[in-house]
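Note: hydrogens, waters and symmetry copies are ignored here, and every other heavy atom, side chains too, is used. We're numbering straight along the sequence, starting at 1.
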Amino acid sequence: IKIYIGGSFQSQKRLRPIRDQLWAMGHEIVGSWLDECAMPNGMTKEVFDKQLAIKDLTEVKAADCIIVDTFDPSTTGGRMVEWGYALGHTKLRYVVGEDNCIFFKLADQHFKTWPDLLGYFQEYHKTSKYIATGMEQKEFT
């Protein structure tokens, strides 16, 4: 499934290995903010921030599933906007960490830890052992 992982920008490095584990299970991770690029020279912060916001919402909309990490405090509120946008656009919604917002009550599942969520994914969101490569399928491990 296509997954968007939302969280505090300060959680970026902590969430990368989790993203990698979900990808290794065969899922597509559509949230690119975990590897956010630097602001290009000559671009204003206002334009840069707008482009990032549009990109993030486009990725949320493309996702089948959003997983929001609430362990670190948010300084921008971005994950809350992403969650709200996902309520109308994604099929599956999961929260990992504290259930500290009334709108998190709308999650399909709440997990106290990432290992809990990863175990759930291994059980209930298994993917094919095969990946399409052109006209054939090759097994991957």
Side-chain angles (χ1 to χ4, degrees), residues 1-41 43-141:
I1 61 176
K2 292 180 185 178
I3 300 170
Y4 185 92
I5 300 172
S8 172
F9 198 76
Q10 68 188 31
S11 304
Q12 199 178 38
K13 288 180 183 172
R14 179 176 54 78
L15 293 174
R16 286 178 187 151
I18 294 164
R19 172 214 41 210
D20 296 344
Q21 289 177 59
L22 289 165
W23 185 79
M25 289 181 197
H27 302 289
E28 180 182 347
I29 309 303
V30 295
S32 62
W33 74 273
L34 291 169
D35 297 302
E36 202 69 78
C37 61
M39 184 171 65
N41 290 331
M43 183 180 281
T44 66
K45 178 150 177 46
E46 182 178 340
V47 169
F48 183 65
D49 287 349
K50 270 187 186 179
Q51 288 186 349
L52 292 180
I54 291 167
K55 174 191 63 69
D56 289 349
L57 291 180
T58 300
E59 291 172 348
V60 169
K61 188 175 182 180
D64 301 311
C65 172
I66 186 169
I67 305 169
V68 173
D69 173 278
T70 64
F71 287 107
D72 295 315
S74 174
T75 57
T76 65
R79 71 176 171 210
M80 298 308 291
V81 172
E82 294 163 351
W83 180 258
Y85 192 73
L87 290 175
H89 292 92
T90 60
K91 297 176 182 90
L92 296 169
R93 298 176 299 272
Y94 301 127
V95 174
V96 181
E98 292 298 315
D99 189 2
N100 56 10
C101 169
I102 190 170
F103 293 101
F104 288 156
K105 305 293 184 208
L106 301 174
D108 294 304
Q109 288 272 29
H110 180 262
F111 301 92
K112 293 290 183 190
T113 68
W114 277 103
D116 291 344
L117 177 127
L118 292 170
Y120 179 85
F121 262 69
Q122 286 180 324
E123 181 70 24
Y124 296 103
H125 292 299
K126 294 179 182 177
T127 61
S128 171
K129 287 182 56 172
Y130 297 91
I131 186 167
T133 57
M135 298 301 289
E136 61 180 309
Q137 291 188 345
K138 293 187 178 179
E139 187 170 352
F140 69 97
T141 56

Rounded distance (nearest 0.5 Å) linking atom [atom1] of [X] with atom [atom2] of [Y]:
| X | Y | atom1 | atom2 | answer |
| --- | --- | --- | --- | --- |
| Ile66 | Asp108 | CD1 | CG | 11.5 Å |
| Arg93 | Gln109 | CZ | CD | 12.0 Å |
| Tyr124 | Leu92 | OH | CG | 14.0 Å |
| Ile3 | Met25 | CD1 | CE | 8.5 Å |
| Lys50 | Glu46 | NZ | CD | 5.0 Å |
| Trp83 | Ile67 | CH2 | CD1 | 10.0 Å |

- prompt: With no hydrogens and no angle check, is any side-chain donor or acceptor of Trp114 less than 3.5 Å from a backbone partner on Leu15?
  reply: no
Whether Asp69 side chain and Val96 backbone form a donor-acceptor pair below 3.5 Å: no
[Y] and [X], any side-chain heavy atoms less than 4.5 Å apart:
| X | Y | answer |
| --- | --- | --- |
| Arg19 | Asp35 | yes |
| Arg79 | Phe9 | no |
| Gln21 | Gln122 | no |
| Arg14 | Phe71 | yes |
| Ile1 | Lys91 | no |
| Phe111 | Phe121 | no |
| Leu117 | Ile18 | no |

- prompt: Are Tyr4 and Tyr85 close enough that their ring centres sit under 6.0 Å apart?
  reply: no
message: If you apply the rule side chain to side chain donor-acceptor pair (under 3.5 Å), what do you find for Ser32 with Glu59, and how did you get there?
response: CA-CA 8 Å; Ser32 62; Glu59 291 172 348; 2.6 Å; yes
